[in-house]
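Please read the structure below before turning to the comments.
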Amino acid sequence: MSNLDEYGGGPGPGTDVLVVTTNDVPGYRVDRVIGEVFGLTVRSRHLGTQIGASFKSMLGGELRGLTKTLVESRNQAMERLVEQVRARGGNAVLAMRFDVTEAAGTPLHLI
């Protein structure tokens with residue numbers, strides 16, 4: 001994963017919502033807490049990607065199709081998170097966490 005534009009994440013520079021994984025940000029103070037916000041997405045894998053991943057897993061190496069799906073899912077979940085923050089009048093998310101789990105064979109991407 002050498003291309004940060006392709007595999008990077010989070011809001012780009014110049015966005016009006018700060019998203020960090022820390023509980024505080026040096027130089028800023030929390031004036032009010034608006035509560036929990038979420039960015040959720042559920043995606044199924046493309047059949048071709050799944051078959052290719054099955055073969056690749058036998059040989060070893062990166063499963064690029066699944067990596068691409070994960071990046072797309074994470075970016076969509078992050079966009080939804082930021083939309084929720086804006087809708088509630090916020091300008092930052094502290095202690096953001098990202099999680100991937102699976103239900104009935106379908107990955108659930110949670111922020």
Side-chain angles (χ1 to χ4, degrees):
M1 284 197 261
S2 59
N3 185 346
L4 290 178
D5 292 332
E6 187 175 344
Y7 293 105
T15 186
D16 58 334
V17 176
L18 176 66
V19 180
V20 297
T21 58
T22 58
N23 292 327
D24 55 7
V25 179
Y28 292 86
R29 71 176 193 283
V30 176
D31 288 330
R32 69 185 171 103
V33 176
I34 61 173
E36 294 180 335
V37 290
F38 300 96
L40 306 173
T41 185
V42 177
R43 292 191 172 212
S44 61
R45 294 178 271 221
H46 182 276
L47 180 61
T49 300
Q50 187 63 34
I51 291 171
S54 297
F55 287 124
K56 184 74 171 184
S57 66
M58 289 187 262
L59 302 173
E62 180 182 5
L63 305 175
R64 289 187 183 265
L66 296 180
T67 299
K68 181 179 177 185
T69 299
L70 179 61
V71 169
E72 290 170 353
S73 297
R74 180 179 176 152
N75 289 343
Q76 183 179 44
M78 183 69 79
E79 288 169 8
R80 291 178 177 177
L81 174 77
V82 169
E83 286 174 14
Q84 285 292 308
V85 172
R86 284 187 188 124
R88 294 181 183 200
N91 63 357
V93 176
L94 303 181
M96 188 279 294
R97 298 294 181 261
F98 179 71
D99 188 28
V100 176
T101 189
E102 190 169 279
T106 301
L108 305 173
H109 304 278
L110 314 168
I111 292 185

*State which residues pass salt bridge (Lys or Arg N to Asp or Glu O under 4.0 Å) with Arg80; sequence neighbours excluded, sorted by chain then number.*
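So Arg80 forms no salt bridge (Lys or Arg N to Asp or Glu O under 4.0 Å) with any residue.
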For residues 30-40, which side-chain donor-acceptor pairs fall under 3.5 Å, sequence neighbours excluded?
{"residue": "Asp31", "atom": "OD1", "partner": "Arg29", "partner atom": "NE", "Å": "2.9"}
{"residue": "Asp31", "atom": "OD1", "partner": "Arg29", "partner atom": "NH2", "Å": "3.3"}
{"residue": "Arg32", "atom": "NH2", "partner": "Gly89", "partner atom": "O", "Å": "3.1"}

*Side chains of Leu94 and Val20 in contact at under 4.5 Å (non-hydrogen atoms)*: yes
Out of curiosity, [X] [atom1] to [Y] [atom2], how far, rounded to the nearest 0.5 Å?
| X | Y | atom1 | atom2 | answer |
| --- | --- | --- | --- | --- |
| Met96 | Thr22 | CE | OG1 | 10.5 Å |
| Phe98 | Leu70 | CZ | CG | 5.0 Å |
| Leu18 | Asn91 | CG | CG | 8.0 Å |

*Taking only residues two or more places apart in sequence or in another chain, which ones pass side chain to side chain contact (heavy atoms under 4.5 Å, CB included) with Ala95?*
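Expected list: Asn23, Arg97.
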